[in-house]
Amino acid sequence: MTPSGQALLAARPDFAAIAQWLERGARVLDLGCGDGALLRYLWQARAAPGYGVEIDDDSVIACVSNDVNVLQVDLESGLSLFSDHSFDCVILSQTLQAVRHTEGVLREMLRVGREAIVSFPNFGHWSARLQVALGRMPVSEALPYEWYETPNVHHCTVADFEDLCRSLRFRIRERLVLHHGKPVRLLPNLLGSLAVYRCTTQ
Amino acid sequence: MAHFDQPLRLRSGAELPAFDIAYETYGTLNAARSNAVLVCHALNASHHVAGFYESDPGNVGWWDNLVGPGKPLDTRRFFVVGSNYIGSCFGSTGPASINPASGRPWGADFPVVTIEDWVEAQARLADRLGIERFAAVIGGSLGAMQALQWTLSYPERIRHSIVVAAAARLTPQNIAFNEVARQAIMTDPDFHGGHYYDKGVVPTRGLRLARMLGHITYLSGEAMAQKFGRLLRRGTPGFDFDIDFEIESYLRYQGDKFSTYFDANTYLRITKALDYYDPAADYGGDLTAALARAKAAFLVVSFNSDWRFPPPRSREIVRALLDNRRIVSYLEIAAPGGHDAFLLEDPRYHAALRAYFANLEL
């Protein structure tokens with residue numbers, strides 16, 4: 001791997017987990033794809049052809065520069081551009097917390113994709129709990145924003161997300177909870193700062 | 001100018017025994033002949049895409065902000081071809097040309113031409129220029145329909161299709177606007193059923209109205225409000241029917257200008273070409289089935305203030321391409337310019353096109 005590839009994986013530890021769960025050549029759709037870094041990585045690591053969905057102008061132009069297929073539509077208004085089960089996997093990488101219509105977007109993911117991969121910063125991590133206990137909104141590596149400038153609207157914990165999956169009748173196929181890029185097996189909702197899930201319909 | 005002796009069979013069944021295509025090129029075709037980009041023009045433009053002539057420095061090409069050395073479509077890297085469509089009044093064979101059968105201008109007898117016919121003629125021009133395969137075909141509006149049709153008529157001869165401010169077919173509302181424009185021309189007493197060239201007159205009143213109507217649909221309401229507001233030319237209402245508002249003055253000016261240089265028979269045929277275009281028609285209206293034979297990679301761009309061909313029309317194309325698992329990127333740019341935004345220099349739009357062309361391998 002190139003030095004920049006290593007830096008990327010250090011910055012986004014969920015990328016490696018996502019790649020590892022994908023079959024080679026899987027067709028992927030990345031919602032809120034930013035500059036297309038994940039899609040580029042998946043193309044290099046898994047020969048997975050993909051498309052990104054992104055609303056921000058600068059990010060869309062960055063995708064075009066990075067030679068990543070990008071579709072400038074608002075994922076909040078649904079994925080009507082995409083037919084049922086037209087993708088092997090639909091990914092929502094560290095975007096869940098910024099989504100407004102959470103249930104709608106998650107349902108759409110499993111309409112369009114055979115499976116969904118979702119990663120998000122775990123609000124249940126002890127440092128967040130401690131900061132709240134001390135009377136402050138949490139700011140950390142995984143949640144780097146002050147409360148007044150955060151783009152995030154829906155924080156959740158590992159336990160919360162699993163509750164939502166149950167109510168949406170999503171089946172959790174795999175779960176990986178990480179802290180500083182390393183898997184956390186003991187008390188994941190307390191000791192993990194980043195959670196990655198692979199889900200299918202029941 | 002390129003002359004072609006082999007007849008061109010048209011979609012209507014008619015045949016042009018021979019024809020000319022006016023074209024301009026910019027840059028140099030590389031040794032591998034892999035850097036050619038065809039630029040397709042829209043309703044009132046021509047093959048004069050970029051730059052200006054020494055003899056006429058004021059006549060700058062219609063897409064000069066995009067095409068040229070160091071511009072997003074960089075003519076130091078690409079060999080750019082601008083070609084004037086058949087039926088035009090800017091050099092290619094059209095209604096004002098001489099009909100070899102009669103020795104007089106074709107006039108009303110010039111056949112109705114279609115987007116498919118234009119692509120056929122452009123393919124002949126490509127053969128003549130030694131271009132086996134275009135690196136890209138790009139166009140906006142009516143030009144975008146040609147860029148799309150290239151991928152269907154000649155899937156092997158186009159690597160990238162750049163489709164801007166497009167629709168894969170007109171809505172009845174679009175057709176309605178075109179019909180009003182045609183009626184304006186055809187009911188002008190100077191139209192003479194299309195044979196006005198012999199009579200030494202031009203149906204300027206009809207053309208003027210057609211252009212005024214067109215202009216209303218090319219601008220967004222917002223752009224119009226911003227540009228003209230409710231400003232009164234004379235400061236106070238005149239309580240007469242002379243020009244009161246700035247927008248009236250603008251439309252009259254545009255109409256007058258257009259009627260001095262554009263041909264009425266050409267206008268009728270172009271609007272028909274727009275109306276008839278519908279690649280899905282042969283597939284029961286199923287655009288996905290219609291686009292199945294396309295092989296090119298696509299960049300589709302729409303503008304949110306464009307109400308002539310609004311973003312949902314572009315999304316239909318994108319959706320059909322996705323269903324066919326084609327390579328496609330789609331930009332929906334929040335620009336106020338309306339349908340004409342594709343001609344303007346929006347920094348995001350041009351940055352995206354620059355990046356797209358830069359990534360295009362030769």
Side-chain angles (χ1 to χ4, degrees), chain A residues 25-40 42-44 47-91 108-109 111-114, chain B residues 72-73 136 138 159-164 286-289 291-292 296-304 306 310-336 341 346-361:
Chain A
R27 242 172 90 83
V28 295
L29 181 65
D30 181 13
L31 305 181
C33 67
D35 66 3
L38 174 60
L39 286 163
R40 261 180 98 83
L42 294 177
W43 174 247
Q44 283 155 11
Y51 300 83
V53 171
E54 179 57 60
I55 191 73
D56 175 65
D57 287 327
D58 291 338
S59 298
V60 168
I61 294 163
C63 284
V64 175
S65 287
N66 289 329
D67 218 358
V68 166
N69 304 320
V70 64
L71 304 158
Q72 189 170 29
V73 291
D74 183 8
L75 67 97
E76 299 276 5
S77 53
L79 303 176
S80 59
L81 210 53
F82 308 100
S83 299
D84 295 0
H85 295 117
S86 52
F87 285 87
D88 295 312
C89 183
V90 182
I91 300 167
E108 279 284 89
M109 287 176 75
R111 175 184 69 77
V112 169
R114 284 194 300 107
Chain B
L73 177 45
I138 179 172
R159 285 164 51 215
H160 293 264
S161 176
I162 303 172
V163 171
V164 186
D286 182 352
L287 189 60
T288 299
L291 300 193
F298 283 80
L299 176 65
V300 180
V301 182
S302 74
F303 301 94
N304 72 340
D306 180 356
R313 299 283 81 75
S314 284
R315 279 190 233 125
E316 285 169 2
I317 298 171
V318 173
R319 193 187 157 97
L321 291 169
L322 285 168
D323 283 342
N324 281 304
R325 306 199 160 195
R326 290 294 97 94
I327 294 173
V328 53
S329 281
Y330 171 59
L331 268 73
E332 194 169 303
I333 293 169
D346 181 277
R348 296 156 296 178
Y349 167 46
H350 273 204
L353 286 178
R354 183 181 289 278
Y356 194 84
F357 280 115
N359 276 333
L360 213 148
E361 281 170 29

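Per chain, numbering begins at 1; letters A, B, ... match sequence-line order. Source: prediction; values computed, not measured.
Heavy-atom distances place the side chain of A:Val60, and not its backbone, under 4.5 Å from chain B. Contacts between A:Val73 and chain B at a heavy-atom distance below 4.5 Å involve the side chain alone, from C-beta outward. Contact annotation for B:Ala352: both backbone and side-chain heavy atoms come within less than 4.5 Å of a heavy atom of chain A.
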Next on the checklist: Could you go through A:Phe82 and A:Leu71, starting from their C-alpha distance and side-chain angles, then the distance that decides it, and tell me whether this counts as side-chain contact (heavy atoms from CB on, under 4.5 Å)?
Outcome noted: CA-CA 11 Å; A:Phe82 308 100; A:Leu71 304 158; 3.5 Å; yes
Checklist entry - Could you go step by step and tell me if A:Leu38 and A:Val28 meet the side-chain contact (heavy atoms from CB on, under 4.5 Å) rule? => result CA-CA 10 Å; A:Leu38 174 60; A:Val28 295; over 6 Å; no
Looking only at N and O atoms, which donor-acceptor pairs between chain A and chain B are within less than 3.5 angstrom?
| residue | atom | partner | partner atom | Å |
| --- | --- | --- | --- | --- |
| A:Tyr51 | OH | B:Arg326 | O | 2.4 |
| A:Asp57 | OD2 | B:Arg348 | NH1 | 3.1 |
| A:Val64 | O | B:Asn359 | ND2 | 2.7 |
| A:Ser65 | O | B:Asn359 | ND2 | 2.9 |
| A:Val70 | N | B:Ser329 | OG | 2.9 |
| A:Val70 | O | B:Tyr330 | N | 2.7 |
| A:Gln72 | N | B:Tyr330 | O | 2.8 |
| A:Gln72 | OE1 | B:Glu332 | N | 2.9 |
| A:Ser80 | O | B:Arg319 | NH1 | 2.3 |
| A:Ser83 | OG | B:Arg319 | NH2 | 3.3 |
| A:Ser83 | OG | B:Asp323 | OD1 | 2.5 |
| A:Ser83 | OG | B:Asp323 | OD2 | 3.2 |

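Between B:Leu331 and B:Leu299 the shortest side-chain heavy-atom distance falls below 4.5 Å. Within the 4.5 Å cutoff, side-chain heavy atoms of A:Leu31 are placed close to those of A:Leu79.
Atoms CD1 and CG, from A:Ile55 and A:Leu75 in turn, are 8.0 Å apart once rounded to the nearest 0.5 Å.
The two residues B:Ala341 and B:Ala335 make their nearest non-hydrogen contact at CB-CB, 4.5 Å.
Within the structure, ring-ring contact (aromatic ring centres under 6.0 Å, His included) pairs that include any residue of residues 53-80 of chain A do not occur (at least two apart or interchain).
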